[in-house]
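Note: hydrogens, waters and symmetry copies are ignored here, and every other heavy atom, side chains too, is used. Chain naming here is simple, since letters A, B, ... match the order of the sequence lines and numbering starts at 1 in each.
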2 protein chains.
Amino acid sequence: MPPSSIREVARRAGVSVGTVSNVLNRPDLVAEATRDRVRAAIEELGFVRNESARRLRQGGRRADGDPPGARPRPFGVVVEDLTNPYATDVARGAEQALNAAGHDALWLTNDHSADKERRCLELLEQQHAAGVLITPVGLGPFGIVRLRAAGMAVVLLDHTGPGVCSVRVDHVAGGAVAAAHLLGLGRERLAFVTGAAHPQPCQERLDGAAHALAQAGREPAVTLAQASLTPTEGAAAARRLLALDQVPTGVFCANDLLAVGLVNELVRQGVRVPEDVAVIGYDDIELAATAAVPLTTVRQPRHELGRAAAELALTEAAEEPRHEHRQIVLTPELVVRESA
Amino acid sequence: MPPSSIREVARRAGVSVGTVSNVLNRPDLVAEATRDRVRAAIEELGFVRNESARRLRQGGRRADGDPPGARPRPFGVVVEDLTNPYATDVARGAEQALNAAGHDALWLTNDHSADKERRCLELLEQQHAAGVLITPVGLGPFGIVRLRAAGMAVVLLDHTGPGVCSVRVDHVAGGAVAAAHLLGLGRERLAFVTGAAHPQPCQERLDGAAHALAQAGREPAVTLAQASLTPTEGAAAARRLLALDQVPTGVFCANDLLAVGLVNELVRQGVRVPEDVAVIGYDDIELAATAAVPLTTVRQPRHELGRAAAELALTEAAEEPRHEHRQIVLTPELVVRESA
DNA sequence: AGCGTGCCTTGAAACGATTCACGATCATCG
DNA sequence: CGATGATCGTGAATCGTTTCAAGGCACGCT
């Protein structure tokens with residue numbers, strides 16, 4: 001059964017289409033008797049509004065004078081991997097801010113693939129998203145212009161670019177503080193553990209750490225690049241470390257998931273943390289605090305980060321025409337627990 | 001800047017709107033020179049198709065004769081909390097299956113709120129989703145009918161309902177096998193730890209466990225309801241357990257996150273796991289295997305579950321008119337590691 | 001009676017893309 | 001040279017809704 005249109009409802013109720021539309025959108029304009037008649041017709045025909053037509057007609061309207069029933073456009077949140085608690089925390093911070101402003105959030109993953117990223121963005125474009133918060137993998141200035149042309153606000157997460165709003169954490173500073181802490185503990189043989197893909201933020205963390213070491217006239221003994229930033233790979237890294245001629249006395253991991261896996265494996269192998277090996281992570285995910293050896297780590301204000309990004313997106317979407325792009329940089333903070 | 005329409009492109013390229021449309025949808029009908037001219041104009045204006053208009057015109061057409069360039073409708077995946085690794089794993093399984101079939105996945109969270117759930121579904125409806133995979137919180141038969149009327153396939157995750165496709169895990173069996181394992185270890189004083197909200201699946205796990213105990217003529221010593229299913233709350237539960245007159249010798253946690261937090265806290269307090277207290281979790285998330293004390297747990301085939309749900313949704317969306325709803329039940333599996 | 005005033009309702013014009021019956025153009029062939 | 005096709009483009013009709021100027025009607029007032 002082809003869904004019935006407003007016209008059939010009108011005929012059935014013996015009124016004009018305009019009146020039916022009014023019943024739908026501004027019931028107060030319609031006399032009660034008419035309203036009931038129309039409502040009954042709607043009921044009988046099982047009529048449902050055709051959203052495409054509605055949107056087409058309403059055009060690119062903004063939140064101002066929306067009749068009841070019109071929803072604000074959603075925002076897209078594109079992250080690399082929703083399986084990573086860091087990403088979900090950021091995204092959640094963003095979602096809360098968006099919800100508070102009455103908008104919905106759609107989450108999408110780009111799976112570290114520029115191709116999938118493009119698909120995601122096309123989808124959002126097609127869905128008339130009001131904006132997108134994205135951890136870009138292949139998105140360049142050109143792509144950003146395209147999104148803007150489609151009427152979307154764009155905010156970069158954890159990356160920066162020219163002429164676009166962004167929120168990032170100063171990972172160089174974070175890495176430096178982590179390295180400084182290990183040095184302060186008197187650890188000299190240091191190892192770095194990161195992911196093979198070397199995404200920009202991880203690279204910065206390592207750079208910051210390396211830089212701090214260099215200033216103290218040192219350099220890392222080893223840098224391990226694991227396949228991914230997961231506990232399983234952390235455990236693998238631990239085994240690689242233990243197989244070394246001289247086991248490092250301090251380890252800086254590019255994220256907490258790696259660190260947790262690494263610490264657990266070390267402990268299982270009888271290595272004492274932090275006595276034998278001090279380990280420091282990055283992110284301060286919930287598990288860091290509740291790990292067997294509570295993890296010393298560098299806290300990223302990730303909830304904050306999501307929130308800030310959402311707010312930038314909201315203002316960009318609101319100001320739309322002339323908008324001053326802002327780059328926000330948040331500073332991470334060392335959280336000393338037991339592992340280092 | 002209001003996004004440009006097909007008409008402006010036509011003017012710029014010096015052709016008629018019909019031709020532009022042809023370039024978009026049936027490029028082979030257009031001479032190469034014209035085609036390039038139109039494409040250039042599209043590029044310059046940053047033109048993007050207005051999906052509303054397209055859909056309006058095309059009417060309620062289905063996947064059959066879609067011209068190239070038309071995107072398949074996306075599917076929505078609604079879970080309670082994307083911060084929970086179990087949920088993300090399920091969702092990811094679903095996404096992979098959807099992607100493989102050429103569809104996109106939109107992730108949404110209902111935050112355990114029936115209200116937010118309604119918003120999510122309205123959003124998907126408005127976005128013309130092809131279907132929705134949902135962990136329902138307040139969705140009843142009536143809501144399902146409404147979704148169907150809007151042309152969406154519906155598949156329930158981890159719940160069942162009459163006249164609707166669903167995929168769930170037999171948690172009763174899972175709980176039973178966990179309890180049986182603890183009993184088999186000779187543990188008699190058992191504690192259950194769960195979440196205060198008592199979502200259906202958790203309740204089933206406990207029921208299964210309680211039933212298994214009852215068959216052995218026993219019952220749980222305590223049942224703790226923590227505020228949420230997180231490691232932090234697991235640690236809190238550990239402290240509550242240790243404050244008891246008689247500390248239980250076996251604990252069954254409603255999920256791994258709780259269990260991990262609980263085990264870690266026990267170990268920190270000098271309690272040996274599993275010697276003093278055996279702990280068994282539920283889910284088998286990645287962290288379970290790499291925890292300090294590798295966790296014995298009940299593995300849910302969550303990737304599988306997501307995949308199965310996606311496939312049901314895909315076939316429902318394809319068969320559309322006459323569709324036989326299927327209820328799939330997967331069986332969880334005990335994974336014995338070290339904690340019990 | 002004539003007129004202003006509120007209500008309600010109407011009808012037609014958008015919105016932007018797709019589709020399709022027709023022309024226009026041009027090369028080929030008898 | 002005219003007929004025949006093939007190849008390309010055109011322009012108008014159409015989808016279902018919202019919006020809005022304009023009109024109908026009943027009422028009260030002078």
Side-chain angles (χ1 to χ4, degrees), chain A residues 2-38 41-42 45-62 64-71 125-126 128 149-151, chain B residues 2-38 41-42 45-62 64-71 126 128 150-151:
Chain A
S4 42
S5 82
I6 209 180
R7 211 173 338 257
E8 307 176 45
V9 174
R11 202 153 47 79
R12 174 133 189 166
V15 299
S16 75
V17 296
T19 300
V20 176
S21 177
N22 280 337
V23 170
L24 255 25
N25 302 308
R26 279 116 49 138
D28 45 305
L29 288 192
V30 181
E32 188 170 329
T34 322
R35 209 189 308 153
D36 291 345
R37 206 143 31 90
V38 171
I42 288 179
L45 294 173
F47 163 81
V48 265
R49 249 209 207 78
N50 180 323
E51 276 303 320
S52 298
R54 166 191 259 257
R55 270 212 294 259
L56 169 57
R57 177 63 239 249
Q58 292 197 327
R61 191 125 61 69
R62 287 299 173 264
D64 332 327
D66 287 340
R71 297 174 65 82
E125 194 173 312
Q126 172 189 324
H128 276 262
Chain B
S4 41
S5 81
I6 208 180
R7 215 175 331 260
E8 307 175 46
V9 173
R11 201 151 48 78
R12 176 133 188 167
V15 299
S16 75
V17 297
T19 301
V20 177
S21 177
N22 278 338
V23 170
L24 257 23
N25 302 308
R26 280 118 46 142
D28 45 304
L29 289 191
V30 181
E32 189 169 328
T34 323
R35 209 190 308 152
D36 291 345
R37 207 143 32 88
V38 171
I42 289 180
L45 294 173
F47 163 81
V48 263
R49 253 208 203 76
N50 179 322
E51 277 302 322
S52 301
R54 166 190 260 259
R55 274 206 290 255
L56 168 58
R57 180 63 242 256
Q58 293 198 324
R61 192 125 61 72
R62 285 303 173 256
D64 335 326
D66 288 339
R71 298 175 63 81
Q126 173 189 323
H128 275 261

How long is the gap from CG on A:L45 to CZ on A:R12, to the nearest 0.5 Å?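 Reported to 0.5 Å precision, the distance equals 5.0 Å.
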
How long is the straight-line distance from CD1 of A:I6 back to CG of A:L24, given to the nearest 0.5 Å? 6.0 Å

Least distance between heavy atoms, B:A41 atom then B:A13 atom: CB-CB, 4.0 Å

What is the minimum heavy-atom distance between A:V15 and A:R37, and which atoms define it? CG1-NH1, 4.0 Å

Take atom [atom1] of [X] and atom [atom2] of [N], then tell me their distance rounded to the nearest Å.
X     : N      : atom1 : atom2 : answer
B:R11 : C:dG16 : CZ    : C1'   : 15 Å
B:L29 : D:dA6  : CG    : C1'   : 13 Å
A:R26 : D:dT18 : CZ    : P     : 10 Å
A:F47 : D:dG16 : CZ    : P     : 10 Å
A:R54 : D:dT19 : CZ    : C1'   : 13 Å
A:E32 : C:dC7  : CD    : P     : 15 Å
B:N50 : D:dC15 : CG    : C1'   : 13 Å
A:R7  : C:dT10 : CZ    : C1'   : 14 Å

Side chain of [X] only, heavy atoms from C-beta on: which candidate in [options] is closest?
X     : options               : answer
A:S21 : D:dT18, C:dT9, C:dT19 : D:dT18
A:V15 : C:dT9, C:dT10, C:dT19 : C:dT10
B:A31 : D:dC8, C:dA17, D:dA12 : D:dC8

Can you tell me if [X] touches the phosphate of [N], counting only side-chain N or O atoms and a distance under 4.0 Å to OP1 or OP2?
X     : N      : answer
A:S5  : D:dG16 : no
B:R49 : C:dA17 : no
A:T19 : C:dT10 : yes

Using a 4.0 Å heavy-atom cut-off across all strands, classify B:V30 as base, sugar-phosphate, or nothing.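 B:V30: backbone/sugar contact only, no base atoms under 4.0 Å.
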
With nearest nucleotides of DNA chain D determined for A:I6 and B:R35 from heavy-atom distances, which residue corresponds to the more 5′ nucleotide? B:R35

The bend of the helix from C:dA1-D:dT30 to C:dG30-D:dC1, taken between the axes of its five terminal pairs at each end and rounded to 10°, is 70°

Any non-hydrogen side-chain atom of A:T34 less than 4.5 Å from a side-chain atom of A:T19? yes

Is any side-chain heavy atom of B:R54 closer than 4.5 Å to a side-chain heavy atom of B:N50?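 No - every pair of side-chain heavy atoms lies 4.5 Å or more apart.
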
Partners meeting side-chain hydrogen bond (donor to acceptor under 3.5 Å, both in side chains) with B:R35 (sequence neighbours left out): none

Taking only residues two or more places apart in sequence, or in another chain, which ones meet A:R57 in a side-chain hydrogen bond (donor to acceptor under 3.5 Å, both in side chains)?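 So A:R57 forms no side-chain hydrogen bond (donor to acceptor under 3.5 Å, both in side chains) with any residue.
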
Report the residue (A:N22 or B:A53) whose heavy-atom-nearest nucleotide on DNA chain C is the more 5′ of the two. A:N22

Determine whether a donor-acceptor pair (one donor, one acceptor, N or O, separation below 3.5 Å) exists between the side chain of A:R57 and the base of D:dT17.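 Such a pair does not exist between side chain and base.
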
